[in-house]
Amino acid sequence: GIQVEQSPPDLILQEGANSTLRCNFSDSVNNLQWFHQNPWGQLINLFYIPSGTKQNGRLSATTVATERYSLLYISSSQTTDSGVYFCAVLNSGGSNYKLTFGKGTLLTVNP
Amino acid sequence: DAGVTQSPTHLIKTRGQQVTLRCSPISGHKSVSWYQQVLGQGPQFIFQYYEKEERGRGNFPDRFSARQFPNYSSELNVNALLLGDSALYLCASSLGYFGQPQHFGDGTRLSIL
């Protein structure tokens with residue numbers, strides 16, 4: 001099946017800093033989503049971005065489908081950004097009905 | 001509009017028991033998927049149902065079963081519970097079956113004693 005690798009596994013920032021999270025995938029995809037899982041376990045949709053660039057406030061994401069990677073940018077980080085960020089893909093062939101998640105990036109933003 | 005709702009939020013069971021988890025999708029969504037998330041890992045796919053038919057199954061034993069009702073809500077059943085079944089169970093809904101963004105509920109946290 002498709003492999004999804006996220007980096008870095010852990011990231012510690014001071015409030016106000018910027019960061020880039022990366023997601024590499026091993027096969028073509030027709031769906032890629034970024035999620036934020038807060039400390040209470042809620043999975044919050046950040047972006048649906050199978051290709052191109054999107055922005056939502058301090059967050060933006062870019063997926064280069066031909067190169068099989070996606071980037072999540074967080075600018076001016078806040079303590080409420082802490083949590084685990086997951087990339088999940090739905091690949092074009094085979095099991096095209098299920099999201100395959102990476103292992104996540106644990107982000108800690110200190111005041 | 002209400003998001004995906006799951007019940008119960010927390011559940012404690014003992015080994016060997018059976019459990020039923022419930023999920024109501026976003027209004028208008030016809031596809032429901034179930035995922036298991038153990039501590040420290042990403043969610044793992046269990047089932048997908050679309051229009052009341054099973055469309056996909058992950059690598060889980062037959063103790064796990066699910067169904068979807070005419071109103072598109074869904075139940076996940078787990079029999080003969082094991083300690084390793086302790087996890088957060090997440091339900092996701094989407095408009096369609098293929099390639100649609102999935103929206104997750106808050107999950108049911110299941111603890112097995």
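Below, read A as the first sequence line, B as the second, and so on, with proteins coming before strands; counting in each chain starts at 1.
Residue Gln37(B) touches chain A through its side chain alone, counting heavy-atom pairs closer than 4.5 Å. For Tyr35(B), the part lying near chain A is the side chain, with the backbone staying farther off; criterion is any non-hydrogen pair under 4.5 Å. Interface residue Gln37(A): only side-chain heavy atoms are found under 4.5 Å from chain B.
The local environment of CG in Leu83(B) is crowded, with over 12 non-hydrogen atoms from other residues, nucleotides or ligands closer than 6.0 Å. Counting heavy-atom neighbours within 6.0 Å of Leu82(B) CG, excluding the residue itself, gives a total above 12. A 6.0 Å sphere centred on CZ of Arg15(B) holds no more than 12 heavy atoms belonging to other residues, nucleotides or ligands. Residue Gln78(A) qualifies as enclosed at atom CD: its count of foreign heavy atoms under 6.0 Å is above 12. Heavy-atom neighbours of Lys103(A) NZ from other residues, nucleotides or ligands within 6.0 Å: at or below the threshold of 12. Within a 6.0 Å radius of CG in Asn59(B), other residues, nucleotides and ligands contribute 12 heavy atoms or fewer.
Listed options Pro43(B), Gly42(B), Ser94(B) were ranked by heavy-atom pairs under 4.5 angstrom with chain A; first place goes to Pro43(B).
Atom-to-atom distance recorded for Gln41(B):CD and Phe101(A):CZ is 13.0 Å, nearest 0.5 angstrom. For the atom pair CH2 (Trp40(A)) and CG (Leu88(B)), the distance works out to 14.5 Å, reported to the nearest 0.5 Å.
Residues His103(B) and Asn45(A) are in side-chain contact: their nearest non-hydrogen atoms beyond the backbone lie under 4.5 Å apart.
Taken together through direct or relayed side-chain contacts under 4.5 Å among Ile, Leu, Val, Met, Phe, Trp and Tyr, Leu90(B) and Leu110(B) form parts of separate hydrophobic clusters.
In this structure, the side chain of Gln33(A) engages the main chain of Gln102(B) through a donor-acceptor pair within 3.5 Å. Under the 3.5 Å distance criterion, the side-chain polar atoms of Asp106(B) are left unmatched by any main-chain donor or acceptor of Gln42(A).
Heavy-atom minimum distance, Phe45(B) versus Leu99(A): CB-O, 4.4 Å.
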